[in-house]
Amino acid sequence: MATGRTDPERRERIITATLDLIAEEGVAGTSHRKVAARAGVPLGSMTYHFDGMDELLREAFTRFSSGIVAVFEERLGAASTPDEAREAVADLVHHLSSGNQRELVLTHELYTLAARKPAFRELTREWMGRSRRALEWHFDPATARQLDALIEGLSIHRALETKPHDRALTLEAVTRITTARTT
């Protein structure tokens with residue numbers, strides 16, 4: 001472990017340790033002292049790199065949400081037809097619900113924090129906006145909004161179910177939303 005001023009990765013280790021602790025103990029169980037111990041840095045590093053717990057949480061959740069958006073962009077960026085885009089959306093649902101408990105917990109912790117602290121709502125709105133922009137590469141804005149909610153909801157349901165639904169049901173839901181029907 002590097003020490004002192006010659007430790008350029010210290011800030012990044014602190015953010016990683018913060019996300020790890022939130023995934024294990026929740027936001028309420030995360031403290032400067034615990035983060036410093038997990039990151040292997042002196043407690044004073046916390047106040048040197050961050051103005052307080054809210055800034056640390058904002059940085060950590062920004063990194064987390066950027067990672068999720070990168071998955072959206074990667075999957076949707078590979079699609080070149082409407083059918084491939086629908087498949088990519090179905091893949092997203094199944095990727096996001098594939099048993100990665102850490103991501104599921106971090107998502108819920110961020111939503112809970114945003115529900116309690118308005119300052120964090122902007123972070124979640126930015127995350128949703130970035131996800132929707134990636135969906136808009138293939139779908140109109142209203143459909144992208146619906147798909148974003150569908151992805152979120154189906155991912156949560158799949159992750160928490162003892163017998164999650166299969167990919168065919170996901171693709172059917174995506175197709176229903178993205179295919180214009182006339183009555």
Side-chain angles (χ1 to χ4, degrees), residues 11-32 34-35 38-39 46 49-77 79 85-86 88-161 164-165 170 173-174 177-178:
R11 188 173 198 283
E12 294 306 309
R13 282 199 325 273
I14 292 169
I15 293 171
T16 298
T18 301
L19 289 169
D20 290 344
L21 276 168
I22 292 168
E24 292 172 17
E25 300 185 26
V27 169
T30 301
S31 69
H32 278 195
K34 287 180 181 181
V35 171
R38 172 68 64 96
M46 302 302 294
H49 290 286
F50 303 95
D51 287 335
M53 187 55 81
D54 279 355
E55 182 183 357
L56 176 58
L57 292 172
R58 204 169 10 267
E59 289 286 327
F61 280 126
T62 296
R63 178 196 285 175
F64 171 70
S65 63
S66 291
I68 300 295
V69 170
V71 172
F72 268 64
E73 291 172 345
E74 175 187 337
R75 303 277 171 130
L76 291 162
R86 289 181 191 97
V89 172
D91 289 345
L92 276 168
V93 169
H94 288 258
H95 170 79
L96 296 172
S97 63
S98 65
N100 186 333
Q101 281 300 112
R102 182 178 189 273
E103 286 184 4
L104 177 67
V105 170
L106 288 171
T107 299
H108 286 275
E109 287 289 330
L110 174 55
Y111 288 162
T112 300
L113 187 62
R116 290 189 175 121
K117 291 189 168 191
F120 287 89
R121 288 185 194 138
E122 184 57 33
L123 179 59
T124 59
R125 281 191 291 271
E126 288 172 16
W127 177 8
M128 289 185 290
R130 290 177 66 198
S131 298
R132 288 179 193 148
R133 281 190 293 280
L135 289 162
E136 287 173 9
W137 295 342
H138 303 284
F139 307 102
D140 66 85
T143 302
R145 180 178 289 270
Q146 292 171 357
L147 285 173
D148 191 36
L150 179 74
I151 291 165
E152 203 68 35
L154 287 180
S155 296
I156 290 168
H157 282 240
R158 284 196 84 254
L160 298 176
E161 282 286 340
H165 68 270
T170 303
V174 171
I177 289 174
T178 59

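For the atom pair Leu135 CG and Met128 CE, the distance stands at 13.0 Å (nearest 0.5 Å). Between Phe139 atom CZ and Gln146 atom CD the span is 11.5 Å, to the nearest 0.5 Å. Between atom OG of residue Ser65 and atom CG of residue Leu123 there is a gap of 5.0 Å, rounded to the nearest 0.5 Å. Between the OG1 atom in Thr30 and the CG atom in Leu21 there is a gap of 5.0 Å [rounded to 0.5 Å]. From Met46, atom CE reaches atom CZ of Arg11 across 10.5 Å, with rounding to the nearest 0.5 Å. Between atom CG of residue Leu160 and atom CG of residue Leu104 there is a gap of 5.5 Å, rounded to the nearest 0.5 Å.
Heavy atoms from other residues, nucleotides or ligands lying under 6.0 Å from NE2 of His157 number 12 at most.
Considering only residues two or more places apart in sequence or on other chains, His165 meets the ring pair (Phe, Tyr, Trp, His ring centres under 6.0 Å) condition with His94. Judged as a salt bridge (charged side-chain N to carboxylate O under 4.0 Å, His left out), and not counting sequence neighbours, the contacts of Arg125 are Glu122.
Minimum interatomic distance between Ala144 and Glu136 (heavy atoms only, all atoms of both residues): CB-CG, 3.6 Å. Between Ser155 and Leu96, the closest heavy-atom pair is OG-CB, 3.6 Å. The shortest non-hydrogen separation linking Ser97 to Ala159 is CB-N, 3.8 Å. Between Ala114 and Thr124, the shortest heavy-atom contact is CB-CG2, 3.7 Å. Taking every heavy atom of both residues into account, Ala173 and Leu154 meet most closely at CB-CD1, 4.3 Å.
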Output a table of donor-acceptor pairs, distance under 3.5 Å, between side-chain atoms of residues 52-60 and any protein atom two or more places apart or on a different chain; print 'none' if there are none.
residue	atom	partner	partner atom	Å
Asp54	OD1	Lys117	NZ	3.0
Glu55	OE1	Asp51	N	2.6

Sequence neighbours excluded and cut-off under 3.5 Å, please list the side-chain donor-acceptor pairs for residues 66-75, or say none.
residue	atom	partner	partner atom	Å
Ser66	OG	Thr62	O	2.9
Ser66	OG	Arg130	NH1	3.0
Arg75	NH2	His95	ND1	3.3

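Identified under the salt bridge (Lys or Arg N to Asp or Glu O under 4.0 Å) test for residues 144-160, with sequence neighbours left out: Arg132-Asp148. Sequence neighbours left out, the pairs with a member in residues 18-29 that pass side chain to side chain donor-acceptor pair (under 3.5 Å) are Asp20-Arg102, Glu24-Arg38, Glu25-Lys34.
Between His49 and Ile15 the shortest side-chain heavy-atom distance does not fall below 4.5 Å. Two residues are said to be in side-chain contact when any heavy atoms from C-beta on lie closer than 4.5 Å; Val35 and Ile14 meet this criterion.
Within the 6.0 Å centre-distance limit, the rings of Trp127 and Phe64 are counted as a close aromatic pair.
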### Message
Show, in sequence, the C-alpha distance, side-chain angles and deciding distance for Val27 and Leu110, and conclude whether the side-chain contact (heavy atoms from CB on, under 4.5 Å) test is met.
### Response
CA-CA 8 Å; Val27 169; Leu110 174 55; over 6 Å; no
### Query
Given Val93 and Leu150, is the side-chain contact (heavy atoms from CB on, under 4.5 Å) satisfied, shown in steps?
CA-CA 8 Å; Val93 169; Leu150 179 74; 5.6 Å; no
